Amino acid sequence: MTTSAGSYAEIVIDLPVGQPLTYRVGEDGEAAQPGRCCTVQVGRREMVGLCVGRSDAAPLAEEKIRPVKRWLGEIAPLNADWLAFTRFAAEYYQHSWGQVAVAALPPLLRTPPGPRWVSTLKRLRADVVNRNVPAAAAPPVLNPEQRSAADAVSVSPGFAPLLLHGVTGSGKTEVYLTAIERLLAADPEAQALLLVPEIGLTPQLQSRLRARFAGQPIVCLHSALPAAERSAAWLAAHEGRARIVLGTRLAVFASLPRLRLLIVDEEHDPSYKAGDGVRYSARDLAVKRAQMVDAPVILGSATPALESWANAQQGHYRLLRLPRRATEAAQPQVELIDLRQHKPASGLTEPLRTALEETVARGEQALVFINRRGYAPVVACDACGWLSACPQCAVYAAFHKTDGALHCHHCGWRSRVPRACPTCGNQNLNAVGQGTQRLEETLAAALPGARILRIDRDSTRRRGAADAALATVHAGDIDVLVGTQMIAKGHDFQRVSLVGVVNADTQLVSHDFRAPERLFSTVLQVAGRAGRSGLPSRVLVQTRYPEHALFTALRRFDYEGFARSQLAERQAAGMPPYVPQALLTAQAKALEAALAFLSQARVLGRAVQPSATLYDPVPMPLARLAGVHRAQMLVEAPKRGALQAFLREWLARLRESEPPPGPRARWQIEVDPQEI
Ligand code: ADP
Ligand code: ZN
Ligand code: ZN
């Protein structure tokens with residue numbers, strides 16, 4: 001029986017090897033089938049592999065082929081849809097199939113099973129999938145726009161990409177919940193996948209889901225989960241026991257044999273893009289996966305990514321609009337404070353300070369947003385110009401008053417602030433600029449008696465700390481909340497009637513062509529925290545460029561106008577989404593070596609395909625990180641297909657080519673890079 005299916009198994013592993021490896025099926029061959037996990041010997045290592053096919057013919061001499069060590073027959077094979085999906089992702093992002101597929105397996109399957117594997121499996125399967133929460137109050141009756149959005153999500157099969165554009169508080173989440181509810185009711189086995197940018201920051205969504213689907217098995221999948229919990233959740237999804245999977249970007253790879261609906265909440269969020277390894281976009285992959293399993297996919301946002309917006313404009317996605325807030329609450333009033341007229345004292349202008357005082361006096365809450373943590377971004381010597389640079393990176397180390405040290409936010413380097421300037425001995429060193437800690441101090445001085453809370457990565461390192469902090473805000477025990485992006489996302493604070501944005505300008509003058517898009521969505525996102533329960537509310541933005549077109553659009557909450565002008569600019573300049581890009585980066589001990597590698601790669605690339613555009617190799621914006629020098633080269637082609645074909649051929653040659661003399665460079669490819 002096994003021989004008829006082929007005596008050899010094609011196995012992929014988590015290494016950059018071009019083709020699946022061939023093994024003999026071996027002894028316990030009944031378990032040998034595509035999608036089955038196994039363990040194999042690779043060189044001297046035993047590794048977990050995934051069978052992707054069987055064959056009769058061996059590409060090597062019989063004696064060179066090793067048998068599969070062990071088939072993990074205790075776990076059902078990954079299905080053909082999943083294999084096809086991971087294969088697509090690997091090809092698109094130019095990595096090996098195993099680097100995507102095997103890397104997407106849960107902790108349980110990342111290393112060869114030990115002696116206790118079977119009992120571990122048993123314990124993981126016994127883990128109760130959460131289902132005993134009492135049912136909550138009846139959900140709100142959908143308004144007409146919500147209803148037509150929910151009606152657009154069919155419960156019958158069929159690929160349908162839907163872009164749900166709804167201002168913050170317009171009731172997008174209610175649309176998701178309704179769509180899931182209808183699906184689960186229509187199909188007793190169907191599974192739904194709901195992706196969110198960060199789970200830790202949205203405990204509210206979790207409790208809303210659990211309350212709404214009391215009695216339904218829901219699991220969470222994200223990287224901060226302990227290994228056993230993550231494995232248990234993965235198994236529950238893989239075995240069809242979980243019907244709703246709530247997860248971060250990695251959950252796009254979850255095995256969901258009955259997947260019938262995908263939802264990407266806050267689809268514009270940069271955290272959907274993986275920062276290392278295979279640089280995939282979970283949003284883009286969710287759309288592809290929906291297409292492959294013939295299911296609807298909802299991309300929801302108040303400020304869709306311009307890529308998604310362009311897709312909707314071109315008719316690739318169906319646009320669904322929720323133009324107003326779901327409750328009686330009006331949108332806040334956005335006002336600009338001209339920093340040229342109002343000199344800030346420690347970051348705070350007079351109008352913002354007054355507005356804060358008034359808000360606190362009324363017993364309402366205020367939220368102050370700044371996109372830098374720490375006390376000050378740099379420490380300077382006025383006498384000689386010394387600045388607190390990180391010794392390992394090409395950036396300044398920020399001053400943290402909480403521990404009196406300099407911190408590099410990129411490599412983690414820390415050191416006590418010197419008592420005197422290391423260059424000239426001057427003892428008067430200045431902390432320059434604003435961070436969350438300094439702003440917290442400034443606010444405390446400006447608003448005596450107000451209860452102020454800072455939320456940023458430093459204040460929430462402990463597990464559960466963010467939840468606890470957010471809970472105090474919800475409970476009304478806080479008057480002023482100061483923090484970074486962490487406070488901007490998704491929270492449904494009920495009593496916030498004032499939002500202050502302390503400094504928006506760094507992003508306005510950035511070299512990155514996506515910076516305005518990000519600034520627009522961040523400010524709209526924080527603004528969306530104001531006035532949710534109907535209090536008249538204001539958003540005050542401090543800027544030196546109040547006449548900038550971005551702010552004109554922001555004041556009117558005019559995402560569409562903003563998107564139109566940005567897209568026109570991008571089209572005129574030949575930038576994404578109109579021209580697809582890839583970025584080759586190189587890292588080496590010396591910048592010259594990284595640049596030399598890229599120059600050589602460029603020569604190779606020109607030989608492969610003269611029509612691809614390979615730009616000059618340049619140092620990366622962060623040119624040195626943790627002691628490693630980094631350079632990059634941008635690649636473009638007129639069409640996605642042409643770029644894909646070029647990359648495949650070019651990278652294959654690059655892997656085979658002799659590196660240039662001198663220190664070795666490591667390289668990485670990123671398709672559809674988000675930061676250039
Ligand atoms: P979004 O996801 O767009 O930010 P939510 O779905 O969280 O919006 O809804 C915002 C608030 O409005 C929530 O408190 C929600 O309970 C409420 N809400 C949503 N839809 C309705 C509705 N149709 N009627 C009344 N309240 C609603
Ligand atoms: Zn000095
Ligand atoms: Zn550093």
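As the structure is a prediction and not an experimental result, all values here were calculated from the model. Counting convention: from 1, in listed order, for ligands and their atoms alike.
- By the 3.5 Å distance cut-off applied to N or O atoms, E174 is counted among the residues near ligand 1.
- Ligand 1 places these atoms under 4.0 Å from at least one heavy atom of A326: 12 (O), 18 (N), 19 (C), 20 (N), 21 (C), 27 (C).
- Taking every heavy atom of T327 and a limit of under 4.0 angstrom, the matching atoms of ligand 1 come to 12 (O), 17 (C), 26 (N).
- Listed by number with element, the atoms of ligand 1 under 4.0 angstrom from any heavy atom of N143 are 23 (N).
- For the pair R208 and ligand 1, a heavy-atom separation below 4.0 Å is found.
- Q333 and S537 share no donor-acceptor pair across their side chains, judged by distance under 3.5 Å alone.
- Residue contacts with ligand 1 for S170 involve both N, CA, C or O and side-chain atoms from C-beta outward (heavy atoms, distance under 4.0 Å).
- The protein non-hydrogen atom at the shortest distance from atom 25 (C) of ligand 1 is P140 CB, 3.7 Å.
- Neither the backbone nor the side chain of R325 has any atom closer than 4.0 Å to an atom of ligand 1 (non-hydrogen atoms only).
- When non-hydrogen atoms are compared, ligand 1 lies under 4.0 Å from the backbone of V141 (N, CA, C, O) but not from its side chain.
- With a 4.0 Å heavy-atom cut-off, ligand 1 is reached by the backbone of L142 but not by any atom from C-beta on.
- Taking each heavy atom of M486 and D456 in turn, the nearest pair found is SD-C, 3.4 Å.
- Remark: minimum distance from atom 8 (O) of ligand 1 to any protein heavy atom is reached at G171 N, 3.0 Å.
- Here the Zn ion (ligand 3) is the vertex; the SG atom in C390 and the SG atom in C408 give an angle of 110° (to 10°).
- Assignment of G166 to the shell around ligand 1 is not supported, since no heavy atom sits closer than 4.0 Å.
- Closest to atom 1 (P) of ligand 1, if we only count protein heavy atoms, is K172 N, 3.5 Å.
- In summary, no N, O or S atom of H410 is located under 2.8 Å from the Zn ion (ligand 3).
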